[in-house]
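Encoded as structure tokens, the structure appears first; notes follow it.
Sequence lines set the chain letters: A, B, ... in the order given, protein chains first and strands last, and positions in each chain run from 1.
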2 protein chains.
Amino acid sequence: MPEVLEACLEKGAAGAEIISSGFSELGTTEGKDLEKKIQEIAARGIRVIGPNCFGIYCPKSGLTLLPGPDLSRQSGPVAFLSQSGGMSIDFAHTGKWMGIRFSKVISFGNGADLRETELLHYLASDPETRVIAMYIEGIKNGDAFFRAIKEAARIKPVVIYKGGLSLAGQRAVVSHTASLGGSRTIWQSILNQVNACQVQDMTEMAQSCLAFSLLPAKEFKKISVIGGGGALGVTACDTAENFGIEIPPLSAALQAKIEAFLPQPGSSAKNPIDVANPYVRPRALQEVLRLAAQDEQIELQIIIPLLYHYKPLAEARGKSVAEITPYKELAFAIHDIVKETGKPVIAVMPNPKKGADDLDILEMLALARKEFLERGIPVFDEISDAVRALGNVNTYYRKEGFGK
Amino acid sequence: MPEVLEACLEKGAAGAEIISSGFSELGTTEGKDLEKKIQEIAARGIRVIGPNCFGIYCPKSGLTLLPGPDLSRQSGPVAFLSQSGGMSIDFAHTGKWMGIRFSKVISFGNGADLRETELLHYLASDPETRVIAMYIEGIKNGDAFFRAIKEAARIKPVVIYKGGLSLAGQRAVVSHTASLGGSRTIWQSILNQVNACQVQDMTEMAQSCLAFSLLPAKEFKKISVIGGGGALGVTACDTAENFGIEIPPLSAALQAKIEAFLPQPGSSAKNPIDVANPYVRPRALQEVLRLAAQDEQIELQIIIPLLYHYKPLAEARGKSVAEITPYKELAFAIHDIVKETGKPVIAVMPNPKKGADDLDILEMLALARKEFLERGIPVFDEISDAVRALGNVNTYYRKEGFGK
């Protein structure tokens, strides 16, 4: 390996990626020495990513060293820095269907040369990156890193998943990327101080990146919730309170107008607005969204269409569920309302039917998600996921002078 | 409606279900009066479930008044009591693919006659029910309910999702099931006192029921984690610590034996055991499980097979991913190990590929889940879900004299 890198340097290559493992993460003297050699060669004029990594995925330039020939070729505003190769490829795949588009994904592994601090500096000033996500197991130079993250988080949202905060986790990161874990409390308080968004797992990281990349850069304190049925409305309220988000009753005049579009009895126009019936047409839902947006308090709307209920209807009519479900009309209707009212809408599409005999529902929901995403409408599976992601957006923009 | 019920009483019917809405949940005098009439007739000798509900689903007797002709016909140990009709049907469908089998699901809506307290008494002594789950928005008689739940939770696990603990949530439950919400702190402390398992949403309720119904009735303090790759091992450790579960290093002698079955370099036999490669054969994974179980500390094992990685392999060989993925062999191998060692195994099968072009992966995973479940092996999508459910099992059995 050192010979090959040496040859690259002589040829005048600006950079190299070392994907192989077998370096410092082994914990052996041999492995550590090999990594030191890489560092020495790098110091003489070639920048190195790795070893023990998957390298770079950059859809814009077409450069994908990650093992993902089927990754999305669309580029977008989210950059992801990962010490773990597995996490980098899983996150890139998750982003593909969830609707996160990437400027750059960089798996840097052991980080013998380029690592968290320099890469963070780079992304902070990268005009193609609006949101930075990181999976980090350990840092090399604490002071420099926290200065870098402070600087970056001022300019754009930084979502951090710090792995290895438990005792066992610290042991695991040593054998994974030869890193030191660090204390839970110290990380929490420092990330809090610099207003970085700390998440607890990859799913929360992905959902937060989706919200940061598709929602306008501001806080949304009061929201309306439409659809989903009674219990989902209750869940929405309980979860929203945990994140400091209010679902206030709409004005009585608006409630009366909304009622005209809802089936009776069983519905409620208060907010959450329980439409009582999963087959209410997109046109009627559009009117409800339009009316609810007229309440000055409302800054954002969440709609919960229960599209899986179209399956029995499709069966009764001898059609496929994708044919019969009006997800396109709904995506168009919501898109129009967002443009008209200037208030963003989030869609939540839960699905209790995920067995082998309900793959047609999974397919229809995947198609629906694409239609919504193409129109800039973020989609989540569960109301609690949507509200948690929105809570993270709110926490970031609540502080004065961030993300400008 | 009262006339029909009156006629049923005269005919000598023991019970009736009223599915219609339009009663006290409307908040009108008319609605409340109508409900009072129902109560008066019931008091003269006919028990009533409802109104404003979906009624009963009982696979053993074949009685299904819930709108789910495609619900599972297998019966099992979990009973579900729900004030919400939507939640009852969603939970029953979720249980179908997730592997929860039901003794009875009862959606009781406004609960004009039979409701939480009496139904809980009934389920506490029902020999077909080993686990009770409840979605509750409000209770009628606090004292009686808490005596009932105290009694039930002594005998078997009671998993409770209490909706309407926020201010907005309380408003929402009034229009949903005409209930009063109650304070978050009071509910938490009372449920804690009686050792009922309080969950935050339907997903956690389902996952906890799965764990309670498939795992032996005891606490599992120390576990091993196998597979998944480095970062997932780190996530496992960090999450486990949050729930008081330990992932201790295995004895050095066992680590050396395990290493013989793992690809080098990149793997780690410490615990979490990083198998470094998603294509390690079921036979080798079986040996790893067998060896890790020999460590006396280990009480339960979690295996994380990354089956979605078989897709590129399947494509390269011109086969379908379901054909090529060795999920059956893996299910058999794990089943044998559980029998042999007496230590349960939980499978976690994450999947970052859920788009419309990866439905074949979703299908394969649904088939794999079925194979695992048929052999009594609980399956979760995410390591954090598995650990949280296990944490709930542990909290229940930690207290002396519960679940006997």
Side-chain angles (χ1 to χ4, degrees), chain A residues 21-22 26 70 84 86-87 90-91 93-94 96-97 135 137 163-169 171-173 175-177 200-203 229-235 237-241 246-249 265-266 268 270 272 274 350 352-359 362-363 366-367 370 382 384, chain B residues 21-22 26 70 84 86-87 90-91 93-94 96-97 135 137 163-169 171-173 175-177 200-203 229-235 237-241 246-249 265-266 268 270 272 274 350 352-359 362-363 366-367 370 382 384:
Chain A
S21 54
L26 295 180
D70 52 340
S84 157
M87 183 74 84
D90 284 356
F91 195 71
H93 279 299
T94 301
K96 186 183 175 187
W97 63 267
Y135 172 71
E137 295 194 342
L165 291 177
S166 61
L167 271 176
R171 220 175 49 242
V173 301
S175 45
H176 186 217
T177 51
Q200 300 309 315
D201 53 31
M202 192 188 80
T203 307
L232 277 175
V234 173
T235 301
C237 293
D238 289 351
T239 320
E241 194 183 76
E246 262 188 79
I247 304 178
S268 166
K270 289 202 180 80
D274 179 355
K353 294 175 152 192
K354 294 180 189 163
D357 42 356
D358 284 317
L359 287 174
L362 289 170
E363 182 179 21
L367 296 171
K370 262 174 109 171
E382 305 288 343
S384 52
Chain B
S21 55
L26 293 180
D70 52 341
S84 156
M87 184 73 84
D90 282 355
F91 194 70
H93 279 299
T94 301
K96 187 182 175 188
W97 63 268
Y135 172 72
E137 295 193 341
L165 291 177
S166 61
L167 271 175
R171 219 176 49 243
V173 301
S175 45
H176 185 217
T177 51
Q200 300 310 314
D201 54 30
M202 193 189 79
T203 306
L232 277 174
V234 173
T235 301
C237 293
D238 289 350
T239 320
E241 193 182 78
E246 261 187 79
I247 304 178
S268 164
K270 289 201 180 81
D274 179 355
K353 293 176 152 189
K354 296 182 187 161
D357 41 357
D358 284 315
L359 287 174
L362 290 169
E363 182 179 23
L367 297 171
K370 263 175 110 171
E382 304 288 344
S384 52

* Looking only at non-hydrogen atoms, find the nearest pair between B:Ala172 and A:Val234 and report the distance. => CB-CG2, 3.9 Å
* **Under 4.5 Å from any heavy atom of chain B - which part of A:Thr239** => neither
* To do: Could you tell me whether A:Lys353 and B:Asp70 have a side-chain N and a carboxylate O separated by less than 4.0 Å?
  => yes
* Looking at A:Pro352 and B:Trp97, what are the two nearest heavy atoms and their distance? -> O-NE1, 2.8 Å
* **Steps toward side-chain contact (heavy atoms from CB on, under 4.5 Å) verdict (B:Glu382, A:Thr203)** => CA-CA 9 Å; B:Glu382 304 288 344; A:Thr203 307; 4.1 Å; yes
* Let me know if B:Asp90 has heavy atoms under 4.5 Å from chain A in its side chain, its backbone, both or neither. => both
* Picking from B:Leu232, B:Leu359, B:Ile247, which has the most non-hydrogen pairs under 4.5 angstrom with chain A? -> B:Leu359
* To do: Quick one: closest heavy-atom pair of A:Ala356 and B:Ala366, and the distance?
  => N-CB, 3.7 Å
* Part of A:Glu246 lying under 4.5 Å from any heavy atom of chain B -> neither
* Asked: Between A:Glu363, A:Lys370, A:Gln200, which has the largest tally of heavy atom pairs under 4.5 Å with chain B?
  -> A:Glu363
* Against chain B, label A:Asp238 side chain, backbone, both or neither, depending on which of its atoms sit under 4.5 Å from a heavy atom there. => both
* Picking from B:Gly355, B:Pro249, B:Gly22, which has the most non-hydrogen pairs under 4.5 angstrom with chain A? -> B:Pro249
* Which bit of A:Pro350 comes within less than 4.5 Å of chain B, counting heavy atoms only: side chain, backbone, both or neither? -> neither
* Identify the two heavy atoms, one from B:Cys237 and one from A:Gly169, that lie closest to each other, and give their separation to 0.1 Å. => CB-N, 3.2 Å
* Whether A:Glu241 side chain and B:Leu167 backbone form a donor-acceptor pair below 3.5 Å -> yes
* Asked: By a 4.5 Å heavy-atom criterion (distance strictly below it), what part of A:Lys354 contacts chain B: side chain, backbone, both, or neither?
  -> both
* **Heavy-atom proximity to chain B below 4.5 Å, by part of A:Ser384** => side chain
* Going from CE on A:Met87 to OG1 on B:Thr235, what distance comes out if it is rounded to the nearest 0.5 angstrom? -> 4.5 Å
* Between B:Ala240, B:Ser21, B:Gly233, which has the largest tally of heavy atom pairs under 4.5 Å with chain A? -> B:Ser21
